[in-house]
Amino acid sequence: MAGARGSFGTRFGFILAAAGSAVGLGNIWGFPTKVGQGGGAAFVLVYLVCVFLICAPIMIAELAVGRRTGKDPVGAFNVLRPGTSWWLTGALGVLAGVGILSFYSVIAGWTIAYIYYAATGAVTGDSAATGDFFGQFVGNAPLSVGLTALVLGVTAATLLGGVKGGIERMTKTLMPMLLIILGLLAIRAVTLPGAEAGLAYYLNPDFSKVFDIRVFNTALGQAFFSLSLGMGAMITYGSYLSKGENLAKSAMWVVVIDTAVALTAGLIIFPAGFSLAGFDPNSSGPGLIFVVLPQLFATMPGGTLVGVAFFVMLLFAAITSTISLLEVPTSHLIDSRGWERKKAVYVLTAITFTLALPSALGNGASAFFSSLPGVGMGFLDLMAIIWNDFALPVGGFLLSIFVGHVWRVDKALEELNTGGAMPGAALWGFLIRWVCPAAIFMIIVFTALDLLG
Ligand code: TRP
């Protein structure tokens with residue numbers, strides 16, 4: 001079975017591929033942005049609690065379902081509970097893969113252009129000019145669409161190489177480079193003049209904010225997205241793993257790498273931001289990465305090199321994630337519908353590109369898609385809400401109910417113990433049965449109320 005549908009070559013290769021899925025725009029852009037909006041260090045604390053108590057158990061559960069069944073998310077539920085409607089949970093994940101990729105690839109495309117802009121000094125140190133520059137750039141229709149196509153093309157080409165020769169090889173190349181650049185940038189950022197204010201903001205929690213339900217809501221949503229949970233990405237990658245691997249240990253590696261990258265991204269962005277006069281950590285949206293940082297790169301000594309390195313890192317992070325987003329629906333067409341990998345990749349790339357067009361055009365190029373009538377937001381933002389804020393938590397909620405109460409903890413543990421007894425098995429069982437579904441249910445309700453209110 002594993003031979004025909006592909007598998008990872010080594011444990012290290014799997015960990016890097018799964019960590020590559022997890023480490024993405026969500027870590028380097030999303031995490032610092034949310035820390036800024038959530039009031040700094042208090043958010044970081046709540047985030048860490050969400051990662052280890054709620055998300056890590058779900059990652060372990062997804063991997064167990066994937067490896068036990070050796071199938072795509074739809075096929076996995078059909079194997080474990082044939083003749084029931086549970087496969088719909090997998091189907092939601094397959095759709096989410098296409099949905100998320102459709103706007104994620106647009107933003108990933110921006111990073112390509114900014115490598116060039118950073119290298120050529122196109123962006124200046126003036127704040128208003130940098131903002132205008134970004135606005136004109138994202139409003140340029142042929143450029144946005146072309147860059148999106150480029151990202152999808154690279155992603156598709158990687159997937160055509162299969163699991164070991166494509167996904168594993170690509171992530172084994174990009175991830176080490178990403179980690180090295182990240183380390184060098186962190187050292188540069190904390191040694192900037194004025195870095196202390198940023199570090200204080202980032203590392204000293206205001207405890208009155210720790211118990212704010214809004215902070216919890218944002219932190220859990222962010223942790224979910226950052227760890228690539230809720231849509232069967234880890235079911236899919238788990239299905240390519242051999243029985244000898246200890247799943248809980250591998251999951252912890254992925255969780256630790258992803259969290260370390262997010263924390264380090266904050267260590268780069270806050271000291272860097274605070275070293276600029278008039279920096280507002282609360283600046284939301286794309287501002288932080290595409291407007292604030294370029295000003296710094298334009299003015300600091302050696303900034304050209306630092307700027308290029310930063311956007312290269314962001315592109316690498318994005319590509320290892322787009323790969324996993326496309327692999328979920330691809331594995332579905334291969335496993336459950338018997339398609340050839342090549343046909344699956346071509347068809348899915350075409351569908352995703354079509355769905356990406358309104359997101360690519362919705363940042364100024366088309367007035368309609370930039371502010372949808374009656375919705376009050378652009379197409380890209382609407383996609384992000386539908387898929388990130390609802391589909392992923394709903395998927396994660398259903399998965400935790402499924403593993404904890406339908407497939408059941410003892411069966412899951414049989415799978416988790418094949419690579420040696422799992423440490424903390426009892427705690428995991430308790431978290432996946434009760435804590436994960438309750439916490440995720442809360443955030444779904446809260447997000448809905450927030451949107452309506
Ligand atoms: N985790 C990625 C990030 O932080 C995004 C991502 C990739 C993702 N694959 C996913 C999110 C699967 C959810 C599910 O940018």
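Counting convention: from 1, in listed order, for ligands and their atoms alike.
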Can you give me a line-by-line list of nitrogen or oxygen pairs between ligand 1 and the protein shorter than 3.5 Å?
from     : atom 1 : to     : atom 2 : distance (Å)
ligand 1 : 1 (N)  : Ser21  : O      : 3.2
ligand 1 : 1 (N)  : Ala22  : O      : 2.9
ligand 1 : 1 (N)  : Phe225 : O      : 2.9
ligand 1 : 1 (N)  : Ser226 : O      : 3.1
ligand 1 : 1 (N)  : Ser228 : OG     : 3.0
ligand 1 : 4 (O)  : Ala22  : O      : 3.0
ligand 1 : 4 (O)  : Gly26  : N      : 3.4
ligand 1 : 4 (O)  : Asn27  : OD1    : 3.3
ligand 1 : 9 (N)  : Ser228 : OG     : 3.3
ligand 1 : 9 (N)  : Ser324 : OG     : 3.1
ligand 1 : 15 (O) : Leu25  : N      : 3.1
ligand 1 : 15 (O) : Gly26  : N      : 2.8
ligand 1 : 15 (O) : Tyr104 : OH     : 2.6

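Between Glu327 and Arg341 there is a salt bridge, since a side-chain N of the basic residue sits under 4.0 Å from a carboxylate O of the acidic one. Taking a cutoff of 4.0 Å between a charged side-chain nitrogen and a carboxylate oxygen, Glu245 and Arg67 do not qualify as a salt bridge.
In this pair, Phe297 and Phe310 present their aromatic rings tilted. The plane angle is within the 30 to 60° band. Under the 30°/60° scheme for interplanar angles, the aromatic rings of Tyr201 and Phe274 are found to be tilted.
Because its NZ or CZ atom is both nearer than 6.0 Å to the ring centre of Trp339 and within 45° of the ring axis, Lys343 counts as a cation-pi partner of that residue.
Residues Pro57 and Trp428 approach most closely at O-NE1, 3.0 Å, considering heavy atoms.
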